[in-house]
Structure formats: C-alpha cells, structure tokens
Amino acid sequence: MSTDDEKPEVPVVPRTRAELRAAREAAAGAEAAASEPVSESAAEDASGVDTPDVGRNHESIPRSGASTPGADGGTSVTSESAASVAGGSAAGGRSVDPAAEREAAMRAAMVEAAAAAEAAAREAAAPAPDRSPRPVRSTIRDPFRPLAEESPAHPSDENAPRSSREERSDEAKRASPASTSDEDVSSRAARSTTEEPTARPSSEEPPRSTTEQAAASVSQARTPSRRFLLALTAVLGVLVVVGAALGFVSLTQGPRITNVQVAPAEAIESSGSRVILTANQALSAIDASQVTVEPAVPFTVDAAGRGIGIRFTVPLDDSTKYAITVADVESTGGGPSATLKAHFTTPASSMFILRRDVSGKDTIFLTDLSGENAVPVYSHDKIDDFRATSTKLVVSVEDDDLSKLYVMDRDGKNPRELKLPGKGYIGSIQVSERGGLVGYTYSDKEISEDEGRASVLVTQSLSGGDKPKIAEVGGEQTSILVWQFVPDSAAMLFIDFNGALSLIDHSTDAGVQSLGLAANIQGISRGTYTAVVERVDGSVVELNLADGSEQPLAASNPDYGSAITIVPFPGGTLRHVVSVDATGYPNGQAIIRVDDAGTATSIVEVGSTDSILQACASPSGQYAAVAIAPDLAKNAYDQMLLPLPENVETHLLDLRTGKELVALTGFDSSWCATAPHY
C-alpha cells in the first residue's frame, strides 16, 4: 500500500518515437483535464480500464485493497487503487493534494493510452477467422523486447473468442485520449505487427480455402502429365530426325564397319584363326580378290549377310600390326560402294622349355624370347616330355619306374592324371588342339613273345572323359615306328614296323587310309595338309594327304646335300645337314633355312665336338629354336626313359634376319611337335 511520500511504480516499457509522441500528447491532455476539479467518480472512470502490463508478464500494477478480475482473466486496477495512487482514500481523513492528483491522473492516462494503442495494434494484426488450418506460429524474436517477454503472459488470450478481444479493444478506444491521431495509431499498429509473435513469416502464403487447395492439387497432378507428353514428343521427334539422317548417310556413303572380332593371341599360336568384320547393312557377295592383308599372309574369305569372315590358313607373326582392306563393298539394297578397313596387333611370343636337373627337380618354364622373364610352371623329380596347347599342358613323368600322364592348366595348376592302357611306359607324346586329343606310344612293362603290347599308338581326350583308344590296322593293334598329328586337325599319320604309311582321321568314319611304304616322316606343313616323307628308297617327297599325290622335294641352292631331318614351316623348311671330310668322318653340322624358292641360308653351324639335337620353327615360321649339346664327349647322358645329354642349350633365332636372339638352358621347346631324338 502506497503512502503520501511514495509514488506508484510504473512499468518501464521501451517505446518507439511514435509511442513517445502519443504518450506526450496523452500526458498533455491529462494535464489539461487535471486543471479542472477532479471528482472521485472521474478518477474512477479514468482508472477503470484493463491495462495489462506487457513489460511484467501481464501482472497488474501493485495496489492496496481488493482487486477484481478483468475481462481477459487478469487483474484490473479499480477506483480504489487510483485513489491510493493519488495519496490515499477519502476514508483516511487526509486532504487531497491537487498537484499529486494531477500527477496521478497524468500517469494513469499515459498507461491507459499505451494499453489502448497496443490493443488496437493487436486487433489490426489479428487474421480474419476462417475454417482453414492455422499456420504454424513464427518463432522470430522481437529484437526490441526482453527475452522474458517473448511468450505471451496469457496463452488463453491468444485463443480467446474474437468478441472478447473486440470488447477490450472498444474499451481501450474509449479510454484513449482524443488527441491521439489516426496517423500515430497506424504507425504503432505497423510496429506492433512486426512484433506480434503470432505473425506469419513473409515466405508463408496465406491460408487457402478447401476449393482452392483442391484446384491446386488437380493442377499439380496435371502438370507432370503434360511435361511427360511434351518430353516424349520431343524424344520421338529427335529419333525420327536421327533415323532419317542415318538413312540418308547410309544411302550416300555406302556400307561401313561397326564391329571387328579377332583373337590375336590365338592367331600366333595356331592356324585357322579368323577376323570377322561386321557392317552396318547387308552386303552383296564378297570375293577373295577384294580382300588384301598387310603384311601378306594366306587366307580364305567367307561372307554372308552383314559379316565378312577372313580365315588365316597359317599362324601370324608376333608383335605385328595387320591391316585388312575390303574394296568395292556394296549393299544388297544398292547405293554407292565403299572400302572397308580394319587393323589389329598381335602380342609378343612366348614359349615353354624343359630344364632337367640331375641333382634336383626337373622344371618346365614359361619364358619370353629374351629369356629374362622365365617363370617356373611345373616341377617333378623326373619329367620325360611335355606338350602345350593354348589352354593346357600335357606332361609325362616317371614315378616308381612307370610312366604317368598329367593334364593341367598352362600355369601348372589343377593337374589331373589320365588313365593309361595299363602299367607301362609312354613316349613321343603329341597333342591335337583342334581335335582335343593327346596321343602317345605305349608299351607294357611286362612283354613276352605271347603277351604284352609294344609301342602301340594310343589316343584319348584331353578332358580324360573317355578310355584310351589303340589304333588298329586291318582290325589288329599294330606297333608304330614313328607318327605325327596332322597340324590343325584330328588326323594321325604313322608308319608301322612293317613300313606301311597310314592315315587315320578321327573326325571322319573313313577308317585307315594306306599311303604306301615309307622309312620316315620328316614333318607336316601347317595349313597345307602336306607331309614331307622319306620313302624306303631314300627319296624325299612332298605328299598331299588329301588326294595321295606327291612330288620330289626340291633341292636347295646351294645344295647342302641330304638332310637328316626336315621341318616344314610356312614359307620354307629347316634342314639339318651333316658335313663330312674326305674320309667320311663327320666334321660339322648345320641348320639350313630353305625358302619356297629353294634359296638356302645357313643359320646355325657347330663343329665336330658339338651336336645338334633338334631344330623347330615357331608356328608362323618367324623364329627358330635349335637344341645343341655342347662338348658331347664330356656331356654324359641322363638315365631317363628318353635319355638326353645333361647339358643342353636352346638357341633362339630370327629367321627373317638370321640374327640370334638368346641362348637358354634347356630343351624341348613347345614350338616343336615332338621331343628331340637321341
């Protein structure tokens, strides 16, 4: 309760310039009114307005006596509190000071004017009532209001019926001094709008009616459909234009290549590899005369539809770029002709070689032609022989004084044993990659005049899925002197102990074909189906295995005499010759390269102390591998089933230049069709 000396507390609220101007005008009006005698009833009328204090969380101004609840559930200042502020009640018996009364009235008028202005601003900022969902309230804080004042003091006032707020607004308007101008009220309303906690953010759209929302949903649903139709129409239009352009180009430019299929690694290993050119349209008939290959290599052509197949009848050189040209190619539908061009490059060559070690394990190596990158592939205590295909290795070994045969991957992994016809020994193993076969000669361990098989020719699948099959002549198993697979086929050419030369082709049912008598099979040329055979009279002929025709092997120029062995390769032969002195004693050996024209060139020569064991050509005839046993008198033979000198070197040569590339320790190059002979 206040005394005469105390002044009532007035909440301190930060004001803008408009509010201060309104407060000053209200104070001036109150002072003018105070100059007149103020009655107790007037004081009651001036102080009977609900004045929520926004600066103190809507707490009422402290007063003496009882209080009455306001319309909004708060506490109202009654006439009793106004009298107390003026200096006490009339019942106290004290006189009323006119100056104090005027000051109290001025203060009350200022508070009432501020409350009225704030109520008007709230009323102006309040949205019109509707049934649409209320927007989420903004949490933006008024920078001019203390943190304790950010939330409304009376949440119930926010949700109160609009009629209650309108009534309080009307009371505030009646209580406001008449000097408050519309301009000041408008400015305060604008400021209050920015301070209103429930104001909608500027980025938020006003609520829409249910009908507007439904229309918007329908419009949004239709928009993707229209966009999809427009995009689809555009894509179809582009496709039509591109198709028409391509059709025009094809009619004006002629056929062209769209794809090239080739296996370069296989092409240097065996004959029969193919290059398939695919054009963008069906082609007219293609003749072999329209096709050229550089560097030159024999080939055949097979074309149909959009494809042109070029089959090389011999293996290709390694590390070589081949260019293919097909001239005057026309479409079946007419139009201009075109020249088709393609090219590919073959990889570098590699080879397998066997190295025996009398004090350790024998090992098969895979090496490049430099010999610097040799990799061990397979090792065993005793390796007699081996052969290689593009995917497999076939190795014959000795185990417990018996032969065993293994097939494995080229890297030596996944070895599996092939079942032999019995317990015995095998030799002269060879492989037919085209037929998927391995062949060898087999002899039983126990042989007598009445029992046992000696050197019979056996074939079986590399997969090991069948039983060994023994070749027969005239319905009987026969002993074989020498034999060879015909390159790039499943056929075998062999000579039995009676000297009969025969051919068996496992790919046909023709049976055994007799080709006369022969003393030796020197070799069979790749891609030509032609064998070099020594007849029993000592003559050497080129025998056509397809029709049985033959012709003498042409002598070389210069003539180096009779050859011990002759190995054909694409483009010529390698001939092993021996020179003798006047007494007939051998005084040297040489390997002579003879081309198809008969021109002879010596590529390797050794003296009387060394011995040439074998000479082989690479599949394309690009290189040669020559096995040499140096210092033969001091080079002891091992104790294997296939005995060879303990020290053997393999010399690699470039047959095109005659230059030696490298000398490797080992023998039995995978380029050779058979093992070396001692």
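If you're wondering where the values come from, they're calculated on a predicted model, not measured in any experiment.
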Going through the checks in order, is the side chain to side chain contact (heavy atoms under 4.5 Å, CB included) test met by L354 and F386?
CA-CA 8 Å; L354 172 61; F386 79 94; 3.7 Å; yes
Check whether any side-chain heavy atom of S489 lies under 4.5 Å from a side-chain heavy atom of D505, and answer yes or no.
no
So does G427 get a backbone contact from the side chain of Y442, meaning a donor-acceptor N/O pair under 3.5 Å?
no
Please name the pair of heavy atoms, one in P255 and one in N280, separated by the smallest distance, quoted to 0.1 Å.
CA-OD1, 3.5 Å
Any donor-acceptor pair under 3.5 Å linking the side chain of D466 with the backbone of S461?
yes
Carefully, step by step, assess S455 and T441 under the rule side chain to side chain donor-acceptor pair (under 3.5 Å).
CA-CA 5 Å; S455 194; T441 57; 4.5 Å; no
Dump the intermediate steps for side chain to side chain contact (heavy atoms under 4.5 Å, CB included) on V407 and V438, then the final yes or no.
CA-CA 10 Å; V407 177; V438 57; 5.6 Å; no
Donor-acceptor contact present, side-chain Q622 to main-chain D318, <3.5 Å
yes
May I have the list of side-chain donor-acceptor pairs in residues 289-296 shorter than 3.5 Å, sequence neighbours left out?
from : atom 1 : to   : atom 2 : distance (Å)
S289 : OG     : D287 : OD2    : 2.6
Q290 : OE1    : D287 : N      : 2.9
Q290 : NE2    : A327 : O      : 2.7
Q290 : NE2    : D328 : O      : 3.2

Scan T313, V314, T528, V297 and name whichever one has a side chain to side chain contact (heavy atoms under 4.5 Å, CB included) with P570.
V314
Determine the interplanar angle of the Y378 and H380 rings, folded into 0 to 90°, and report it as parallel if under 30°, tilted if 30 to 60°, perpendicular if over 60°.
parallel
Are L545 and L493 side-chain neighbours, meaning at least one heavy-atom pair lies under 4.5 Å?
yes
Do S331 and Q281 have side-chain atoms, one donor and one acceptor, less than 3.5 Å apart?
yes
Taking every non-hydrogen atom, the tightest pair across L277 and I324:
CD1-CG2, 4.3 Å
F494 side chain near L481 side chain, heavy-atom distance below 4.5 Å:
no
Name the one of Q522, Q614, Q589 that satisfies side-chain hydrogen bond (donor to acceptor under 3.5 Å, both in side chains) with H576?
Q589
Tell me which donor-acceptor pairs under 3.5 Å the side chains of residues 597-607 have, and how far apart each pair is, sequence neighbours excluded?
from : atom 1 : to   : atom 2 : distance (Å)
S602 : OG     : E605 : OE2    : 2.9

Evaluate the criterion side chain to side chain contact (heavy atoms under 4.5 Å, CB included) for residue pair S620 and L316; output intermediate values, then yes/no.
CA-CA 5 Å; S620 69; L316 304 182; 5.8 Å; no
I'd like to know if the side chain of S611 and the backbone of A629 have a donor-acceptor N/O pair within less than 3.5 Å.
no
Between G572 and D596, which heavy-atom pair has the shortest distance, and what is it?
N-OD1, 3.3 Å
Is any side-chain heavy atom of S403 closer than 4.5 Å to a side-chain heavy atom of V397?
no
Answer yes or no: is there a donor N or O on one side and an acceptor on the other, between the side chain of R575 and the main chain of G561, under 3.5 Å?
no
Please output the side-chain donor-acceptor pairs of residues 658-672 that fall under 3.5 Å, not counting sequence neighbours, one pair per line with the distance.
from : atom 1 : to   : atom 2 : distance (Å)
E660 : OE2    : H651 : ND1    : 2.8
D668 : OD1    : R387 : NH2    : 3.1
S669 : OG     : W671 : N      : 3.2
S670 : OG     : F352 : N      : 3.0

With a 4.5 Å limit on heavy-atom distance, are the side chains of M408 and V395 in contact?
yes
For the atom pair CG (L501) and OG (S514), what is the distance rounded to the nearest 0.5 Å?
7.5 Å
Any side-chain heavy-atom pair from T530 and L543 closer than 4.5 angstrom?
no
Distance from I364 atom CD1 to D385 atom CG, nearest 0.5 Å?
9.0 Å
D409/K392 ion pair, N-O < 4.0 Å:
yes
Between Q430 (side chain) and F485 (backbone), is there a donor-acceptor pair under 3.5 Å?
yes
Could you grab the distance from atom CD1 of I480 to atom CD of Q477, nearest 0.5 Å is fine?
10.5 Å
Looking at every heavy atom in both R526 and P487, which two are closest together, and how far apart are they?
CG-CB, 4.0 Å
Is there a side chain to side chain contact (heavy atoms under 4.5 Å, CB included) between I628 and V648? Walk through the geometry before answering.
CA-CA 6 Å; I628 300 175; V648 180; over 6 Å; no
Report yes if the side chains of L574 and L655 come closer than 4.5 Å at any heavy-atom pair, otherwise no.
yes
Could you tell me whether the side chain of D496 and the main chain of T478 form a donor-acceptor pair under 3.5 Å?
no
Could you tell me if the ring centre of F312 sits under 6.0 Å from that of F299?
no
Looking at L613 and P676, what are the two nearest heavy atoms and their distance?
O-CB, 4.3 Å
Quick one: pull up CZ in R416 and CG in L405 and give me the separation to the nearest 0.5 Å.
10.5 Å
If you count every heavy atom of other residues, nucleotides or ligands that lies below 6.0 Å from E649 atom CD, does the total exceed 12?
yes
Has E534 got a side-chain atom pairing as donor or acceptor with I564's backbone, closer than 3.5 angstrom?
no
Could you state the interatomic distance from CG (L653) to CG (L369), rounded to the nearest 0.5 Å?
11.0 Å
Would you mind reporting whether H343 and K321 have side-chain heavy atoms less than 4.5 Å apart?
yes
Between R274 and I310 (side chain of the first, backbone of the second, donor and acceptor by atom type, cut-off under 3.5 Å), is there such a pair?
no
Distance (rounded to the nearest 0.5 Å) between K467 NZ and L420 CG
14.5 Å
What is the minimum heavy-atom distance between G371 and T367, and which atoms define it?
CA-OG1, 3.4 Å
Are any side-chain N or O atoms of T346 and backbone N or O atoms of S319, one a donor and one an acceptor, separated by less than 3.5 Å?
yes
